[in-house]
Amino acid sequence: MVMDMLVDSEEDIAKLIESEVIVNHLGSNEKVANALNSLCKELPILNFSYEPKWEDMDTHYNRYWPKNIVELKHTYFSTPWNFIDLLAGIVLFVLTVVQTIYDVNAA
């Protein structure tokens with residue numbers, strides 16, 4: 001049930017294979033994703049013991065700040081160079097503002 005909830009696509013399977021959580025003997029990641037997603041389709045789940053924790057985790061992740069912080073890190077800070085570029089941009093912006101203020105006051 002938990003694996004079915006975690007896996008939605010081929011990319012999820014690729015991450016699980018890369019981290020050595022699962023081993024793929026079916027060939028393509030798409031086949032594994034389809035197999036895991038179809039495991040619990042016809043089973044009635046009456047008492048899933050991890051449901052409260054799963055709902056807490058899902059609620060936390062879907063809140064505004066955690067979701068956007070993760071997206072920000074993934075998009076803009078995926079490598080150290082991106083962070084260095086951001087710092088350089090901030091420094092250049094501050095220096096430009098300071099130079100503009102001094103030029104206006106000098107005139």
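We're numbering straight along the sequence, starting at 1. Only a predicted model underlies this, so the values are computations on that prediction, with no experimental measurement involved.
Cluster membership check: Val94 shares its hydrophobic cluster with Tyr102, using side-chain heavy-atom separations under 4.5 Å among Ile, Leu, Val, Met, Phe, Trp and Tyr. In terms of hydrophobic clustering, with Ile, Leu, Val, Met, Phe, Trp and Tyr side chains grouped at heavy-atom distances under 4.5 Å, Phe83 and Phe93 are assigned to different clusters.
For the atom pair Asp58 CG and Lys53 NZ, the distance stands at 14.5 Å (nearest 0.5 Å). In this structure, CG in Asp85 is found 11.0 Å from CD1 in Ile90, a value given to the nearest 0.5 Å. A distance of 9.5 Å separates CH2 in Trp65 from CG in Leu72, rounded to the nearest 0.5 Å. We find the CD1-CD distance between Ile69 and Glu71 to be 10.5 Å, quoted to the nearest 0.5 Å. Once rounded to the nearest 0.5 Å, the distance linking OG1 of Thr59 with OH of Tyr61 reads 13.5 Å. Considering CE of Met57 and CG of Asn62, their distance stands at 10.0 Å, rounded to 0.5 Å.
Leu92 belongs to no multi-residue hydrophobic cluster, having no ILVMFWY side-chain contact under 4.5 Å with any other such residue.
Asp12 meets the side chain to side chain donor-acceptor pair (under 3.5 Å) test with no other residue; sequence neighbours excluded. Residues meeting the side chain to side chain donor-acceptor pair (under 3.5 Å) test with Asn37, sequence neighbours left out: none.
Two residues are said to be in side-chain contact when any heavy atoms from C-beta on lie closer than 4.5 Å; Ser78 and Lys73 fail this criterion. For the pair Leu86/Tyr76, no side-chain contact is recorded, criterion being any heavy-atom separation below 4.5 Å from C-beta on.
A donor atom on one side chain and an acceptor atom on the other are not found under 3.5 Å apart for Glu30 and Ser28.
Each of Val32, Asn29, Val23 was evaluated against Ile17; a single residue qualifies, Asn29, per the side-chain contact (heavy atoms from CB on, under 4.5 Å) test.
For the pair Leu26 and Ala35, the tightest heavy-atom approach, listed with the atom from each and the gap, is CD1-CB, 4.3 Å.
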